[in-house]
Undergrad: 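The structure is given below, and queries will be raised subsequently.
Proteins get letters first, then strands, A, B, ... in listed order; numbering begins at 1 in each.
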Amino acid sequence: MPELPEVEVVRLGLAPAVTDAIVTAVDVYDERAITRHDHRRGSFADRLTGRSMLAPQRRGKFIWIPLEPAGRLAAGEGRPDALLAHLGMTGQLLLRDAWARPEDEPHVRVRIELRHPSHAELAVFFRDQRTFGSLALDELVSTDAGDAVPSQVLHIARDPIDPLFDDRAFLASLMRKNSAIKRVLLDQRAISGVGNIYADEALWAARIHPEQPASSLSRAKTRLLLDEIRLVLGKALTEGGTSFDAQYVNVNGQAGYFAHSLNAYGREGRPCPRCGTPIVRVSFMNRSSHYCPRDQRLR
DNA sequence: AGAATGACCTGCGCGC
DNA sequence: TGCGCGCAGGTCATTC
């Protein structure tokens with residue numbers, strides 16, 4: 001579920017709690033919660049326990065906490081790595097008191113206990129109803145630009161609020177793709193962080209039909225679309241993300257407010273806020289697209 | 001290379 | 001009340 005704004009809210013909430021913390025215990029209650037972990041390099045819990053955390057990072061919908069190099073004295077053990085998380089559709093990272101019991105709430109798949117130099121002991125609970133999300137320990141790999149990302153994130157494009165996102169290259173790539181524009185927006189190799197909600201919202205704002213071939217858009221239209229993507233992501237972030245139910249919450253369990261600001265997504269049959277025409281919902285890529293049939297014409 | 005499909009899961013609301 | 005169906009913020013592997 002969570003898209004860039006929701007994941008960023010989680011990252012910001014984790015930062016003060018986990019940065020400089022030491023992992024004192026790791027409990028995995030459901031192995032499906034660590035399907036991204038490569039067991040050939042050692043068990044998730046064993047490798048994480050005792051490690052020291054640095055400031056959490058994010059690219060698109062992936063979030064990771066780099067770890068202080070472990071066993072610097074042990075030859076071959078010093079490769080930089082990170083605790084990687086993808087929330088999938090229903091994953092949550094929640095801060096809990098150290099004494100809180102995982103069995104007292106549903107779907108707690110992993111518990112990570114932390115000791116911190118400047119605040120009380122606490123635990124991070126990874127909750128996930130549908131188990132599409134996953135944690136892993138993953139090796140950090142340097143990019144061409146000099147930053148480091150987990151190996152599983154290498155194929156993910158930079159997101160549009162990354163200072164190193166290349167606007168010109170992205171706009172040029174749109175010109176070369178004959179795929180439907182929404183398909184391109186959802187392809188995390190082209191631009192990351194945009195999911196079904198914000199794709200529909202940005203396309204509504206830019207008055208582009210979701211199935212319009214990317215290459216058929218004018219330069220001005222693609223420019224407008226990128227601007228609208230940034231606007232909607234930024235606004236959602238300041239409002240704490242989009243929550244329809246209890247599935248998306250921040251690290252303290254609180255919902256975001258952006259659902260009240262949606263113009264197209266989830267508004268089938270309700271009037272377009274711009275022109276009053278009922279919003280339609282169509283099936284596309286095994287999910288739903290919402291758009292205004294009057295403002296967003298296929299050309 | 002791009003497109004289509006299915007797999008991975010649980011839970012909710014709806015109509016019957 | 002209970003059952004089956006469709007639907008849900010995502011990613012990845014496999015096929016054509």
Undergrad: Can you figure out which of dG2(B), dC7(C), dT10(B) approaches the side chain of Ser288(A) most closely?
TA: dC7(C)

Undergrad: Expressed in angstrom and rounded to an integer, what is the separation of Asp187(A) atom CG from dG2(B) atom C1'?
TA: 10 Å

Undergrad: Just by distance, no angles: are the side chains of Gln247(A) and Thr90(A) close enough, under 3.5 Å, to form a donor-acceptor pair?
TA: no

Undergrad: Whether Arg32(A) contacts dT10(B) is assessed here as follows: a side-chain N or O lying under 4.0 Å from the phosphate OP1 or OP2. Is that the case?
TA: yes

Undergrad: In plain terms, say whether Arg58(A) and Asp159(A) are close enough for a salt bridge, that is, a side-chain N and a carboxylate O under 4.0 Å apart.
TA: yes

Undergrad: Nearest of dA8(C), dT10(B), dT11(C) to any side-chain atom of Gln188(A)?
TA: dT11(C)

Undergrad: dG10(C) P sits how many Å from Arg59(A) CZ, rounded?
TA: 19 Å

Undergrad: For the side chain of Lys61(A), starting at C-beta, report the closest nucleotide among dT11(C), dG11(B), dC9(B).
TA: dT11(C)

Undergrad: Can you identify which nucleotide, out of dC7(C), dT11(C), dG2(B), has its nearest atom closest to the Arg281(A) side chain?
TA: dC7(C)

Undergrad: Closest nucleotide of DNA chain C for Phe62(A) versus for Ala246(A): which of these residues is on the 5' side?
TA: Ala246(A)

Undergrad: Less than 4.0 Å between a side-chain N and a carboxylate O, is that true for Arg223(A) and Asp227(A)?
TA: yes

Undergrad: Closest approach to the side chain of Ser179(A), judged atom by atom: which nucleotide of dG2(B), dT11(C), dA8(C) is it?
TA: dG2(B)

Undergrad: Answer with yes or no whether the side chains of Ser288(A) and Arg281(A) bring together a donor and an acceptor at under 3.5 Å.
TA: yes

Undergrad: Looking only at side-chain atoms of Asn286(A), point me to the closest of dT5(B), dT11(C), dT10(B).
TA: dT5(B)

Undergrad: Is it the case that the base of dA8(C) and the side chain of Arg130(A) share a donor-acceptor contact (distance under 3.5 Å, atom types as modelled)?
TA: yes

Undergrad: Using both distances under 3.5 Å as the test, list the Watson-Crick or G-U wobble partner of dC7(C), or none.
TA: dG11(B)

Undergrad: Expressed in whole Å, how much space separates the P atoms belonging to dG11(B) and dT11(C)?
TA: 22 Å

Undergrad: Counting heavy atoms from C-beta on, name the nucleotide in dC9(B), dA3(B), dT11(C) closest to the side chain of Thr131(A).
TA: dC9(B)

Undergrad: So which nucleotide from dG11(B), dG10(C), dG2(B) ends up closest to the side chain of His86(A)?
TA: dG10(C)

Undergrad: Quickly work out the Glu3(A) CD to dA8(C) P distance and round it to whole Å.
TA: 13 Å

Undergrad: Counting just side-chain N and O atoms, does His107(A) come under 4.0 Å of either OP1 or OP2 of dC9(B)?
TA: no

Undergrad: The side chain of Gln129(A) is closest to which nucleotide in this list: dG10(C), dT10(B), dC12(C)?
TA: dT10(B)

Undergrad: Strictly below 4.0 Å, N to O, side chains only: are Asp81(A) and Arg41(A) in salt-bridge contact?
TA: no

Undergrad: What is the separation between atom CZ on Arg183(A) and atom P on dG10(C), rounded to the nearest whole Å?
TA: 15 Å

Undergrad: Report the nucleotide, chosen from dG2(B), dG10(C), dC12(C), that has the shortest atom-to-atom distance to any side-chain atom of His155(A).
TA: dC12(C)

Undergrad: Among Asp147(A), Asp144(A), Asp166(A), which one satisfies salt bridge (charged side-chain N to carboxylate O under 4.0 Å, His left out) with Arg158(A)?
TA: Asp147(A)

Undergrad: Measure the distance from CE on Met285(A) to P on dT11(C) and round it to the nearest whole Å.
TA: 11 Å

Undergrad: Once you round it to whole Å, what is the distance between P of dG13(B) and CZ of Phe244(A)?
TA: 15 Å

Undergrad: What nucleic acid atoms does Arg36(A) come within less than 4.0 Å of, heavy atoms only: base, sugar-phosphate, or nothing?
TA: sugar-phosphate

Undergrad: Can you tell me if Phe132(A) is stacked onto the base of dC8(B), using a 5.5 Å centroid cut-off and an angle below 30°?
TA: yes

Undergrad: Contact class for Asp245(A) (heavy atom, under 4.0 Å): base, sugar-phosphate, or nothing?
TA: base

Undergrad: Charged N to carboxylate O under 4.0 angstrom, Asp167(A) versus Arg230(A)?
TA: yes

Undergrad: Would you mind reading off the distance between Tyr248(A) atom OH and dG10(C) atom C1', rounded to a whole angstrom?
TA: 16 Å

Undergrad: Considering only the P atoms, how many Å lie between dG6(C) and dT5(B), rounded to the nearest integer?
TA: 16 Å

Undergrad: In whole angstrom, give the distance that lies between atom CZ of Arg287(A) and atom P of dG6(C).
TA: 18 Å

